[in-house]
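One structure below.
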Amino acid sequence: MSEPSENSTTALDRAKIPLPKFLKKNHYFGFIGILLVYLLAGTYSEYSQTIMNTIIFAIIGASLIVVFGMAGQLTLGHTIFVAAGVFLSANITTVWTRGLETELPIAFGVAFLLGLIVGFPSLRVNELYLALATFAVAFVGVQVLFEWKQFSGGGSGKPVGKLELFGYEFSRGPTLVRIALVLMLITFWVVGNYQDGRTGRAWNALRTSETAARAAGLPVAWLKILCFGIGGGLAAIGGVLYAHTLRYAIPENYGVALSIIVVLALIIGGKHRLMGAVLGAVFVKWLPELSRDVQEYEGLIYGGTLIILTLIAPDGLVGMFEWLAERMRLKDRLERLGITVNNSLYNLKPFNQILKLKVPTSSTIEKASPLGSRYLAPLSSSDPKGSLIVRDAAVAFGGVKAVDGVSFEIPAGGVTGLIGSNGAGKTTLFNAITGHVKGATGQFILDGEEISQKPIHNRALSGLGRTFQNLNLHDDLNVLEHALLGLDRNMKYGRIAESFRMPWVLREEKNAHYVAAELLDHMDLLDYWNEKVEDLPYGLQKRVDVVRALATNPSILLLDEPAAGLPTAEALEMMEKVQEYANHISAGVLIIEHNVELVAGVSDRIIVLDAGKTIADGTPEEVTRNEQVIAAYLGT
């Protein structure tokens with residue numbers, strides 16, 4: 001058999017996009033680091049207490065990455081989960097006389113359920129108000145421990161029993177450090193797998209734009225509650241270790257002050273990276289240990305460090321080190337190309353943009369259509385879909401009727417334009433159809449299914465795909481990850497399997513990466529797959545918004561001013577790509593656009609709104625000759 005030609009390779013291969021793996025390079029580095037500490041634990045036994053506290057804070061930091069770093073839910077009550085682990089450990093070891101084989105699963109399970117309960121306020125409030133709500137949880141939680149004397153021993157506390165595992169008793173010190181390192185490795189492994197999987201992408205999506213996350217079909221409410229559950233369970237593991245380190249559990253140790261310290265430690269280290277949890281723990285635990293004189297100034301040092309890092313390195317110590325490493329690599333690359341730069345690392349961004357310019361190659365100029373690839377071809381359909389019925393849609397803001405009794409039917413597989421002057425109610429009508437506006441009335445039926453009472457993400461799962469007028473993109477995600485967000489619903493694996501990177505998780509992720517790469521190739525975004533969306537020009541950002549919607553395999557695609565701000569030629573090229581894909585999957589398209597020439601060129605039918613009401617509905621030729629439309633919108 002002959003070798004495959006350049007044109008027969010996949011888009012993923014051509015772009016050299018790495019496939020998900022069971023282990024990555026940073027896994028090996030992390031394992032080596034933990035192994036070194038494991039082997040040297042006995043050598044530095046005099047520091048066992050400090051090493052244990054560092055490991056515990058690293059585990060708590062990793063649990064906070066789930067809640068705060070990925071999902072963006074700022075919590076000041078996280079140590080209530082640590083306290084749950086501590087006092088459960090004290091009771092299990094003294095009352096039940098059981099060991100870690102009982103302490104760890106019970107602590108995780110109880111704290112997981114407690115986290116689900118604590119997470120409910122996140123459904124109603126965000127940011128500062130959520131921080132205040134969780135602050136109150138920590139305060140009340142400590143008071144409950146003080147009063148629940150049978151469980152906690154009250155203000156005098158409760159002793160912790162022996163360190164045992166399946167009946168074998170262990171001494172503390174270096175042995176406990178080694179046990180803690182194993183638990184830290186497992187915790188980091190689980191959190192890292194979430195970061196690299198669909199759950200981590202979904203959490204990052206809701207952190208950066210809940211609106212867009214819902215439109216992609218993500219269950220935002222459940223994801224918010226889940227992050228508190230998983231984060232709480234992992235924090236409780238740190239609590240079990242804390243109990244065996246201190247050997248005595250006192251309620252006052254787990255109040256708001258500790259919650260603030262663990263959050264500060266993670267922010268200082270870097271809230272988006274597991275290494276940030278380690279660096280933050282080292283900073284807050286080893287600084288006082290190495291210099292006893294600074295202990296009374298801990299708060300001042302932590303606060304000052306946080307202010308400085310906020311100004312020069314918002315992503316913490318890890319972000320600062322990554323920034324320096326990137327600048328050094330870029331400087332070295334420029335020098336190898338014969339470009340002389342001065343010693344400053346702050347003025348390399350223009351050079352970086354030049355090096356990122358994409359040079360067309362034969363593989364990017366001459367290639368087979370991505371729609372015929374083995375990954376997109378199976379999505380082809382000859383059965384038109386996307387029949388949308390809107391009956392008496394109405395939206396009022398106070399006494400103003402933004403949408404007033406609009407009704408129309410869109411046939412399956414058709415392209416329909418929706419035009420009107422600014423303030424005519426076009427985007428509000430879109431929001432009513434997709435569920436993004438409260439108080440909308442009327443009936444919405446998609447392919448014979450009533451969706452009027454469904455929440456936003458369920459409407460998306462029913463087949464509504466949409467883009468946004470104001471580009472609700474996810475700034476911390478790259479272009480490929482935006483496409484993968486749209487494909488989330490197609491990945492058939494659960495959270496538990498994802499935690500341990502089971503084989504079928506890798507299989508699903510790899511397939512999704514291939515499909516996403518072909519979609520990017522179709523929309524001419526393949527060369528930019530690893531770029532952060534905030535670094536892209538506006539025209540490419542518009543395409544990313546469209547790709548995310550196309551990846552959901554919608555029955556009907558609602559495009560809200562996709563060509564706004566683009567030159568006509570670029571807008572027409574993008575719409576041609578959208579139409580090709582819509583025809584490929586036999587989906588309908590409903591497009592809002594002010595560019596009447598573009599709308600008339602791509603639409604089978606145009607609906608015109610004015611002051612929230614339909615004033616015309618017909619073919620492009622009929623609408624452009626309608627006197628009422630000319631008077632209200634087109635002009636003479």
Side-chain angles (χ1 to χ4, degrees), residues 11-12 15-20 24 26 65-73 191-220 223-224 226-227 270-274 276 314-316 318-319 322-323 326 356 457 460 465-468 470-491 498 508-510 512-521 523-552:
L12 184 137
K16 298 180 180 178
I17 300 174
L19 281 171
K24 299 192 302 185
N26 59 335
I65 287 176
V66 172
V67 182
F68 180 41
M70 284 191 277
Q73 307 302 299
V191 175
N193 288 338
Y194 280 131
Q195 286 182 315
D196 294 337
R198 60 185 294 225
T199 303
R201 284 192 297 269
W203 279 332
N204 280 298
L206 74 88
R207 173 173 56 85
T208 49
S209 176
E210 287 187 22
T211 300
R214 287 189 172 95
L218 301 177
V220 168
L223 287 168
K224 282 185 173 183
L226 181 66
C227 79
K271 64 180 181 292
H272 300 307
R273 298 282 190 274
L274 286 169
D315 292 328
V318 168
E322 289 178 346
W323 181 85
E326 180 186 357
K356 285 183 178 180
H457 76 279
R466 73 164 296 177
T467 65
F468 293 89
N470 296 321
L471 283 178
N472 267 297
L473 299 176
H474 311 287
D475 286 348
D476 287 342
L477 272 63
N478 63 30
V479 174
L480 178 69
E481 288 167 333
H482 277 74
L484 291 171
L485 276 178
L487 295 168
D488 181 87
R489 66 190 67 184
N490 299 327
M491 298 184 205
E498 183 180 15
E508 292 287 332
E509 282 286 336
K510 288 178 180 179
H513 276 67
Y514 277 112
V515 175
E518 298 294 344
L519 272 171
L520 296 183
D521 195 18
M523 293 300 297
D524 292 333
L525 286 170
L526 186 61
D527 287 336
Y528 307 93
W529 70 270
N530 199 32
E531 299 292 331
K532 299 292 186 183
V533 290
E534 64 265 31
D535 295 333
L536 295 176
Y538 183 73
L540 294 180
Q541 289 180 340
K542 281 283 190 181
R543 293 192 180 220
V544 174
D545 194 17
V546 171
V547 161
R548 182 181 56 194
L550 290 177
T552 65

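Residue numbers count from 1 along this sequence.
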| At what distance, to the nearest 0.5 angstrom, does CD of Glu534 lie from CG of Asp476? | 6.5 Å
| request: With side-chain contact (heavy atoms from CB on, under 4.5 Å) as the test, would you mind laying out the steps for Leu480 and His513 before giving the verdict? | output: CA-CA 8 Å; Leu480 178 69; His513 276 67; 3.9 Å; yes
| message | Minimum heavy-atom separation for Pro18 and Trp529, please, with both atom names. | response | CD-CH2, 3.5 Å
| request: Look at the side chain of Glu518 and the backbone N and O of Ala11, then say whether any donor-acceptor pair between them is shorter than 3.5 Å. | output: yes
| message | My understanding is that only residues two or more places apart in sequence, or in another chain, count here; which of them pass salt bridge (charged side-chain N to carboxylate O under 4.0 Å, His left out) with Asp475? | response | none
| field | Pairwise side-chain contact, Leu206 with Leu218, heavy-atom cut-off 4.5 Å (strictly under) | value | no
| query | Closest heavy-atom contact between Arg466 and Ala549? | reply | O-CB, 3.5 Å
| Is the shortest heavy-atom distance from the side chain of Arg207 to the side chain of Met70 under 4.5 Å? | no
| request: Please examine the side chains of Leu471 and Tyr538, heavy atoms only from C-beta on, and report whether any two atoms are closer than 4.5 Å. | output: yes
| query | Does the side-chain contact (heavy atoms from CB on, under 4.5 Å) test come out yes or no for Leu473 and Asp545, once each step is laid out? | reply | CA-CA 7 Å; Leu473 299 176; Asp545 194 17; 4.0 Å; yes
| query | Sequence neighbours excluded, which residues qualify as salt bridge (charged side-chain N to carboxylate O under 4.0 Å, His left out) partners of Lys510? | reply | none
| Step by step, would you call Gln195 with Leu274 a side-chain contact (heavy atoms from CB on, under 4.5 Å)? | CA-CA 10 Å; Gln195 286 182 315; Leu274 286 169; 4.0 Å; yes
| How long is the span from the CG atom in Asn478 to the CD atom in Glu531, to the nearest 0.5 Å? | 9.0 Å
| task | With Leu12 as reference, evaluate Leu526, Ile17, Val515, Leu520 under the side-chain contact (heavy atoms from CB on, under 4.5 Å) test and give the passing residue. | result | Ile17
| Where do Ser209 and Asn472 land on the side-chain hydrogen bond (donor to acceptor under 3.5 Å, both in side chains) test, with the steps shown first? | CA-CA 6 Å; Ser209 176; Asn472 267 297; 3.1 Å; yes
| query | What residues form a salt bridge (charged side-chain N to carboxylate O under 4.0 Å, His left out) with Glu481, not counting sequence neighbours? | reply | none
| said: Closer than 3.5 angstrom, by distance alone: can the side chain of His457 be matched with the main-chain N or O of Arg214 as a donor-acceptor pair? | reply: no
| message | For a 4.5 angstrom cut-off between non-hydrogen side-chain atoms, does Val66 reach Trp203? | response | yes
| query | Checking side-chain contact (heavy atoms from CB on, under 4.5 Å) for the pair Met491/Leu484: CA distance, chi angles, key distance, verdict? | reply | CA-CA 10 Å; Met491 298 184 205; Leu484 291 171; 4.3 Å; yes
| query | Glu322: what forms a salt bridge (charged side-chain N to carboxylate O under 4.0 Å, His left out) with it, not counting sequence neighbours? | reply | Arg273
| task | Give a yes or no answer on whether the side chain of His482 reaches the backbone of His474 with a donor-acceptor pair at less than 3.5 Å. | result | yes
| Side chain to side chain, Arg489 and Thr552, heavy atoms closer than 4.5 Å | yes
| task | Work out which heavy atom in Leu525 is nearest to a heavy atom in Val544; give both atom names and the distance. | result | CD1-N, 3.8 Å
| query | When rounded to the nearest 0.5 angstrom, what is the spacing between NZ in Lys532 and CG in Leu477? | reply | 6.5 Å
| Hey, are the side chains of Tyr514 and Leu19 touching, using non-hydrogen atoms and a 4.5 Å cut-off? | yes
| field | No-hydrogen, no-angle side-chain donor-acceptor test under 3.5 Å, Asn204 and Arg201 | value | no
| message | Just so I know, are the side chains of Arg198 and Glu508 near enough to count as touching, which here means a heavy-atom distance under 4.5 Å? | response | no
| By ring-ring contact (aromatic ring centres under 6.0 Å, His included) - contacts of Phe68 (at least two apart) | none
| field | Sequence-distant partners of Asp196, side-chain hydrogen bond (donor to acceptor under 3.5 Å, both in side chains), two or more places apart | value | Lys24
